[in-house]
Structures are given as C-alpha cells and as structure tokens.
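Worksheet: one structure, shown below.
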Amino acid sequence: MKRICLISSSLAMAVLAPTLASAEPGILYIPTDPVTLRPLSMSPCGSQVNSALGCGGASAETEEDPYADAAGLTTAISDALIDYDVLVTNTRPPEYISYTMLLASDEAADMNTGFTCTYGGISCSARQRARIISTSGSTMNCMDPEITHAVLYQFGRISGLEGVDNPMDVMNYVPDYTMAPVGYLDECSDRVQQNGFDDQGAPVLLPLECTSVDHFVCPNGANGSPGQNSHQDLLAAYGDRTDDADAPVLENIVPEDGAVIMAGEDVTMDVDVTDADPAVGLRWTISSPALEAAGVEGGMFSQCTNDVCDANWEDATPLKATDSDWSFTLAGLPPGEYTITLEASDYHGNVAEMVTSIVTIEGAGSDTGGADTGADETGTVDPTNGSNFTSGADSGDDDGSGSTAGTDDGGGGCSCTSGEDASGGGPSAVLMLLGFAGLGAMRRRR
C-alpha cells in the first residue's frame with residue numbers, strides 16, 4: 001500500500017509567497033510503464049519533491065505500476081483540460097523539464113483520513129511545477145471516487161485552486177463523486193476550509209490555504225474571504241491552449257566546436273534560444289577525463305533547469321523564460337579535451353536535437369599549491385586562486401517560495417554543497433569545480 005507523508009496546512013501558509021505566477025504552459029505526465037519513487041531522504045532527492053527524479057510520496061524506494069486504463073484516463077483528462085495550455089502525455093519528458101506526474105490508483109488507503117481520495121498538496125498560483133500527485137480507491141472518509149473527477153480535483157489543487165462550495169465546479173469540497181461536475185467554472189464561488197483533525201483526533205476546519213493575490217478575479221465572498229473563479233485562475237497559471245509542433249531553435253552557441261582555449265582563461269557557455277513557448281528547459285553538460293583526474297566525480301559537471309543537475313539558474317523559479325540569459329562561466333578548468341553537450345525542450349513535447357562540441361584547453365595553468373578551494377567562511381570562492389575551477393554564484397539557500405502543503409510533500413529544498421564535504425572534513429572534490437561567481441543556485445545531487 002502506498003505510504004503518504006503529511007505536512008500541516010499552517011506550515012504551508014507560513015512559507016507560501018503571496019505572488020501570482022505568470023501564465024506558463026504545463027505538463028501532466030500519466031505513466032504507462034512502472035516508475036520508481038524515492039523517499040525525500042534518499043539521494044538524489046535532497047528533501048525536495050521532484051517528479052523527474054521520482055522524489056516524493058514514498059517511505060522507501062518502490063516501483064509503482066501504471067494505472068490499468070492509463071490510455072482512457074489520459075483521453076478523459078485531456079478533454080477536460082482542453083481550454084488550458086497543459087500537455088497531457090504518456091511520454092515522460094526530459095528530466096530537466098518541470099512537469100506533474102500522476103500516479104492514479106484504485107487501491108484502498110485504509111489508514112488515511114483524507115476526504116478526497118487525492119494526494120499531492122496545494123501549490124498556490126501554481127508556483128511549483130515538478131509535482132507528484134496521486135489518487136486512491138478509498139480512505140476512512142472517502143469512498144468510491146470517480147477517477148477522472150478525483151484527478152481533476154487534485155490537478156486543480158497543484159494548480160493553485162482551493163475547495164469551493166459550488167457543486168457544479170470540479171473544485172467543490174468535499175467532492176461528491178456520485179455527481180459529475182460541469183467543469184472548472186468561469187464564475188465566482190466561495191472558498192471553503194479543508195477538513196482536518198487536531199492533536200487529539202477531533203475534527204477541525206483548517207485555515208484557508210492561499211491568499212487574495214492567488215485568486216485575483218473574484219471580490220470578497222462569504223465571511224469576507226476572497227472567492228475563487230476556477231477557470232480564470234487556471235488561465236492565469238497556464239494560459240489558453242496553444243498548438244506548437246516546433247522544437248526550440250538553438251543559435252549562437254559558444255564555445256564553438258573545435259575551439260581552443262588557453263589554461264587559466266574563463267570558459268563561457270552561451271546560447272540564444274527561440275521557441276513559441278514563453279519558457280523552455282535546457283541542460284548543459286561538460287565532461288572530460290581532466291575533470292575526473294582532478295577529483296570531480298564522473299569527470300562531469302551539468303547545469304540545467306528543474307533542479308536535477310549540479311547547478312541551476314537563479315531565475316529558473318521554477319520555469320526559465322525562453323528569451324532569458326542562458327550563459328554561465330567556468331573558471332580555472334584544467335588542461336584537456338572537453339565534450340560539451342547542449343539539450344533543450346519546450347513544454348509541448350518538442351525536443352531539440354542535441355548539440356555536441358569538442359573544446360580543448362591547452363597549457364599547464366597556474367601553480368597555486370594543490371586543491372585548496374580558496375573558499376572563505378561564507379562559501380565564496382576567490383576567483384584569483386588559480387587552482388580552483390569554479391562556476392557561478394550559489395545563493396546557498398532555498399527560500400521555500402511556492403512550497404506546498406500536502407500529503408506527499410516534504411519541506412525545504414534540495415541539498416547544496418558548501419565549503420566542506422558531507423563528513424564535515426576538508427573541501428570536497430566537487431567544490432574544486434563548483435564555486436560562486438555569478439552562475440545561479442547550485443543544486444548538487446548527492
């Protein structure tokens with residue numbers, strides 16, 4: 001039986017930032033093959049729910065079977081979301097793309113006290129995009145859910161919708177699975193508080209989970225609280241449905257294939273990206289035997305979106321705009337031959353052809369006395385220390401904006417390396433590569 005972890009709504013209220021996300025396309029992935037789930041404490045999760053890594057919704061590593069009628073469910077959900085720019089697919093996107101993964105099940109969750117037979121928490125204004133949501137066949141307080149209705153209810157939750165008091169709206173709470181709703185209604189409905197239990201197990205009403213900024217269309221409803229227009233809120237999160245069959249175009253790529261760079265010079269990766277989508281996913285990978293010889297595990301460093309690489313960009317929160325700056329710089333790379341690959345995909349399932357460049361770094365480089373990272377007490381690497389091959393600026397923290405309250409969520413962000421290795425000893429080998437000089441938030445997978 002699936003084990004679900006809980007986090008309180010009051011905690012979520014404290015960490016949710018009251019800002020409205022711009023309309024950006026989304027992806028809902030419904031597997032047709034088994035998928036591996038990991039607890040948040042297991043590498044490479046670093047305590048952060050991430051569908052691409054299978055992180056969240058499990059107390060131990062487990063393999064989850066696909067829903068028996070995944071094809072039929074996919075068609076039903078696609079039809080229900082036809083007004084919104086959401087790709088519903090059975091093809092798993094590249095891991096550097098943020099997407100929601102649905103694990104539907106008819107299996108009973110007998111020990112769960114939930115009222116909706118759905119799991120995955122809430123993401124106000126759809127700020128979190130790499131979520132895992134699921135359904136069950138029953139709980140102590142929910143019997144015989146209608147699967148499409150249940151999935152749409154939980155998809156609404158991770159898209160920023162709260163429960164409302166309108167039986168015709170998908171988000172009616174508590175859901176009446178014996179009566180099919182009309183859809184996400186384009187009208188104002190009063191939000192309602194979720195049911196919960198106190199420390200003694202007595203029933204209580206939980207506080208409303210999002211703010212008036214997250215529901216910008218409706219005036220105040222019952223009891224002075226802002227109402228919710230489910231349809232308009234989804235349009236604000238995802239935009240109108242868009243047809244896009246073209247992969248991102250990658251131009252002005254540097255360094256060029258065959259480039260020769262002298263040791264000690266900075267190496268800048270850059271590209272201009274063009275696509276119909278307002279946001280895309282991208283991954284740079286730099287590999288070389290010279291890195292492995294210098295102590296970098298696997299001889300490889302990567303920077304990408306969706307917090308699945310060694311580093312990310314600070315403005316990828318969680319999606320990165322197509323027309324934004326995609327550059328970053330590595331300093332002090334040791335001499336050798338380097339293979340640099342560039343991958344990109346948009347949010348309509350279009351993947352660009354991978355670009356590969358071979359770059360040579362020549363010369364002996366500076367002699368600074370070995371593997372000292374030059375890191376000060378804040379973890380900042382001194383770029384004048386020639387022994388360091390460093391990249392970027394790590395903010396060093398994950399502010400939790402967009403963190404969600406839910407049944408499979410853990411708190412906080414992913415693990416990030418600082419000036420010492422996990423054992424608390426001297427500088428780690430990866431820090432010879434991963435420093436702090438303007439790159440973006442470093443997300444080291446352990």
Side-chain angles (χ1 to χ4, degrees), residues 16-30 51 73-89 98-102 116 118 120-133 135 148-173 175 180-192 194 208-219 221 226-244 277-279 318-319 346-348 402 404-406:
L16 282 173
T19 57
L20 187 67
S22 59
E24 296 167 325
I27 300 176
L28 178 61
Y29 165 58
I30 303 178
S51 53
L73 181 60
T74 300
T75 299
I77 300 301
S78 297
D79 291 344
L81 297 178
I82 193 65
D83 290 334
Y84 316 108
D85 205 8
V86 177
L87 172 66
V88 184
T89 179
S98 299
Y99 61 90
T100 296
M101 178 165 62
L102 167 65
T116 66
T118 67
I122 190 168
S123 175
C124 296
S125 290
R127 284 185 289 269
Q128 287 286 337
R129 295 296 182 108
R131 311 305 299 165
I132 300 175
I133 62 175
T135 67
T148 301
H149 185 176
V151 169
L152 291 174
Y153 178 85
Q154 183 55 44
F155 180 79
R157 295 270 294 164
I158 55 92
S159 301
L161 303 184
E162 299 177 77
V164 297
D165 66 353
N166 190 332
M168 296 294 101
D169 196 304
V170 167
M171 300 308 298
N172 182 63
Y173 183 83
V182 172
Y184 299 106
L185 294 188
D186 189 9
E187 61 183 60
C188 290
S189 299
D190 289 335
R191 293 184 295 159
V192 298
Q194 299 273 306
L208 292 173
E209 296 162 294
C210 301
T211 70
S212 58
V213 177
D214 299 304
H215 305 287
F216 67 102
V217 172
C218 296
Q228 173 177 291
N229 184 309
S230 299
H231 174 69
Q232 293 298 330
D233 281 357
L234 288 183
L235 287 179
Y238 301 112
D240 292 302
R241 174 60 62 95
T242 301
D243 293 325
D244 178 12
D277 285 12
L319 278 61
D346 65 19
Y347 284 81
H348 288 89
T404 61

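It should be emphasised that the depicted structure is a prediction, and the values quoted were computed from it without experimental measurement.
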* **For Pro25 against Leu319, the heavy-atom pair lying closest together** =>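 Where Pro25 meets Leu319 most closely, the heavy atoms are O-CD2, 4.0 Å.
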* Can you see which heavy atom on His149 is nearest to which on Val170, and at what distance? =>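 So the two residues come closest at NE2-O, 3.5 Å.
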* Please name all residues satisfying side-chain contact (heavy atoms from CB on, under 4.5 Å) with Ser212, sequence neighbours left out, ordered by chain then number. =>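 With neighbours one apart ignored, the set is Pro226.
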* Asked: What residues form a side-chain contact (heavy atoms from CB on, under 4.5 Å) with Asn172, not counting sequence neighbours?
  ->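 With neighbours one apart ignored, the set is Pro167.
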* Please lay out, stage by stage, how Phe155 and Ile77 fare under the test side-chain contact (heavy atoms from CB on, under 4.5 Å). => CA-CA 10 Å; Phe155 180 79; Ile77 300 301; over 6 Å; no
Does any donor atom in the side chain of [X] or [Y] lie under 3.5 Å from an acceptor atom in the other side chain?
X	Y	answer
Thr116	Tyr173	no
Asp169	Gln228	no
Asp214	Thr211	yes

* To do: Answer whether the closest heavy-atom distance between the side chains of Arg241 and Ile82 falls below 4.5 Å.
  =>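 The answer is yes, as the side chains (C-beta and beyond) meet within the 4.5 Å cut-off.
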* Within-4.5 Å side-chain heavy-atom neighbours: His215 and Asn229 ->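 Of all side-chain heavy-atom pairs linking Asn229 with His215, none is under 4.5 Å.
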* State whether the number of non-hydrogen atoms from other residues, nucleotides or ligands found under 6.0 Å of Asp243 atom CG is greater than 12. =>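 Count not over threshold, so no.
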* Given the rule in the side-chain contact (heavy atoms from CB on, under 4.5 Å) test, do Ser230 and Leu185 qualify, once you have shown the distances and angles that lead to the verdict? -> CA-CA 6 Å; Ser230 299; Leu185 294 188; 5.7 Å; no
* Decide yes or no on side-chain contact (heavy atoms from CB on, under 4.5 Å) for Ile133 and Arg157, but give the supporting numbers first. => CA-CA 10 Å; Ile133 62 175; Arg157 295 270 294 164; over 6 Å; no
* To do: Could you give me the CA-CA distance, side-chain angles and deciding distance for Tyr99 and Arg129, then say whether side-chain contact (heavy atoms from CB on, under 4.5 Å) is met?
  => CA-CA 6 Å; Tyr99 61 90; Arg129 295 296 182 108; over 6 Å; no
* Asked: Any donor-acceptor pair under 3.5 Å linking the side chain of Asp85 with the backbone of Gly239?
  ->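 The answer is no, because no donor-acceptor pair under 3.5 Å joins these two groups.
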* To do: Would you confirm whether the ring centroid of Tyr238 sits within less than 6.0 angstrom of the ring centroid of Tyr184?
  =>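 No.
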* **Partners passing ring pair (Phe, Tyr, Trp, His ring centres under 6.0 Å) against His231 (at least two apart in sequence or in another chain)** =>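 Partners of His231 under the ring pair (Phe, Tyr, Trp, His ring centres under 6.0 Å) test: Tyr84.
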* Atom pair NE2/CG of His348 and Asp244 - distance to nearest 0.5 Å ->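 It is 5.5 Å, given to the nearest 0.5 Å.
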